[in-house]
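As structure tokens, the structure follows; a few thoughts come after it.
These numbers come from the heavy atoms of this one structure, side chains and all, not from hydrogens, waters or symmetry mates.
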Amino acid sequence: MNRGVWGEVVGQPEAVAVLSAAAEAAASIVAGGSPAPGAMTHAWLFTGPPGSGRSGAARAFAAALQCLATDDRPGCGSCPGCHTALAGTHADVRVVSPEGLSISVGEMRALVQVSARRPTSGRWQVVIITDADRLTEGAANALLKAVEEPPDRTVFLLCAPSDHPEDVSVTIRSRCRIVSLGTPRAPAIASALEDEGIAPEVASWAASVCGGHVGRARRLATDEQVRARREAVLRIPLALRRPADIFTCADQLVSAAEGDAQTANEGRDQAEREALETAMGGGGTGKGTAAASRGAKGALKDLEKRQKSRATRTQRDSLDQALVDLAAFYRDVLVTASGADAVLNHPDRAEDARTAAAAWTPESTLRRLEAVLNCRTALELNVKPRIAVEAMLTTLQRG
């Protein structure tokens, strides 16, 4: 069955029903109709745990809003409006993701100016902010002004882990309609992966070990390097036999995260630098080239600063995923030791969990789990990754 753009939203039937109805109301507005009050609103907040598909749901909704198949329910998935919105090339759909650790007030002010324009080729001007919880205070204030007095045909789609004030300010939240997403179940994730052409046995395995994170399941199913990194991380708990192993494992964890950041950003960094140098007249001759060269140096310095911030974020995200996998393993050890009838986060490492449960006391396992969680907190507080990781591994080795 063709679900159109809603096939991108895995395991969220309630949310799809709400968004589909809103897209129909939006189509009615464009056609000059008068849908029921509240059926469509100018600001939405998508909340849910990591991997629940917040940004995917926002993109699917944006595509449905731009759908040109007016003779059917919006969100056909095949018209130019749907296709370009999902592909990220629609002129009237802007996606904002933090390049570094936060979204600055300058970025948000520029976006607000663009969002005030009428749609150029589409039916709505849509702004998606994928990490609204990373807005600085100034950026949040700039966004609030736009949300309070939005243009008639502009829609803001915000994504955040929750609607708690620590994630989204109360004033912004009060002006948004909230769409709450849950953690997708493994069968729904496996089915979505199979629809993408992934072999059933691989899809089932990836869905069972991804922790309910659809994007992670997709990467595990399709990227051998991602699978190898997961295996390396999950070997650590039983590999910490001597104090010297602490430093070996710390080096592996931090080096892998640094490698991920370099691999993810290297090509993009170089392309951005070349584009900026060309735009600033690099290689030119004649009058004005000296002044242009001085301006280029300042612009390049700003670019390098943004790229460094982006690399830091990529490294932290990679390291955080490793810590999530470790925490899940120690949770599996506790489940195994207690004899509880609960699904393991890493069912393919059940034998390792049994070995650890037989060797460790529940108290020492809990201390290890707390050490992993404390390491995540330390990284959020900007503790140097190697120091935070070595402190964690010391506890994991000693128990």
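No donor-acceptor pair under 3.5 Å is formed between the side chain of S20 and the backbone N or O of A17. Between the side chain of T41 and the backbone N or O of G38 there is no donor-acceptor pair closer than 3.5 Å. Judged by distance alone, with hydrogens and angles left aside, the side-chain atoms of S191 form no donor-acceptor pair with the main-chain N or O of A188 at under 3.5 Å. For R54 (side chain) and T47 (main-chain N/O), no donor-acceptor pair under 3.5 Å exists by modelled atom type. Counting only distance, with no hydrogens or angles, the side chain of S52 and the backbone of P49 share a donor-acceptor pair below 3.5 Å. Between the T365 side chain and the L334 main chain, no donor and acceptor come within less than 3.5 Å of each other. At distances below 3.5 Å, not a single donor-acceptor pair connects side-chain atoms of S204 with backbone N or O atoms of P200. One N or O on the side chain of Q12 and one on the backbone of G182 form a donor-acceptor pair closer than 3.5 Å.
Ion pair R218/D223 not flagged as a salt bridge, since none of the NZ, NE, NH1 or NH2 atoms sits closer than 4.0 Å to an Asp/Glu carboxylate oxygen. Using a cutoff of 4.0 Å between basic side-chain nitrogens and carboxylate oxygens, R59 and E8 are not scored as salt-bridged. Ion pairing between E351 and R354 holds under the 4.0 Å rule for side-chain N and carboxylate O. A salt bridge between R134 and D167 is absent, with no side-chain N of the basic residue lying under 4.0 Å from a carboxylate O of the acidic one. Looking at R349 and D332, no side-chain N of the basic residue comes within less than 4.0 Å of a carboxylate O on the acidic one, giving no salt bridge.
A donor atom on one side chain and an acceptor atom on the other are not found under 3.5 Å apart for S104 and T136. Between the side chains of R94 and Q125, at least one donor N or O lies within less than 3.5 Å of an accepting N or O. There is a side-chain donor-acceptor pair under 3.5 Å between T361 and S364. W205 and D348 share a donor-acceptor pair across their side chains, judged by distance under 3.5 Å alone. Donor-acceptor pairing under 3.5 Å is lacking for the side chains of R175 and H42.
If you look at F61 and W44, their ring centroids are closer than 6.0 Å.
Distance check: N382 CG to R316 CZ gives 4.0 Å after rounding to the nearest 0.5 Å. R185 contributes atom CZ, which lies 9.5 Å from atom OG1 of T183 (distance to the nearest 0.5 angstrom).
The heavy-atom pair separating P385 from L379 by the smallest distance is CA-CD2, 3.7 Å. Considering all non-hydrogen atoms of both residues, M108 and L143 come closest at CG-N, 3.8 Å. The two residues P74 and A64 come nearest to each other via the heavy atoms CB-O, 3.5 Å.
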Take L253 and R386 through the side-chain contact (heavy atoms from CB on, under 4.5 Å) test and state the conclusion after the steps. CA-CA 9 Å; L253 274 177; R386 189 170 294 274; over 6 Å; no
Given side-chain contact (heavy atoms from CB on, under 4.5 Å), test D163 with V168 step by step and report yes or no. CA-CA 6 Å; D163 60 355; V168 181; 5.7 Å; no
Go through D92 and R118 one step at a time and tell me if the salt bridge (Lys or Arg N to Asp or Glu O under 4.0 Å) criterion holds. CA-CA 9 Å; D92 294 318; R118 296 280 297 178; over 6 Å; no
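For W360, the ring pair (Phe, Tyr, Trp, His ring centres under 6.0 Å) criterion is met by Y330, not counting sequence neighbours.
The closest side-chain heavy-atom distance from L344 to F329 is not below 4.5 Å. No side-chain heavy atom of K145 sits less than 4.5 Å from a side-chain heavy atom of N141.
Heavy atoms of other residues, nucleotides or ligands lying less than 6.0 angstrom from CZ of R398 number 12 at most.
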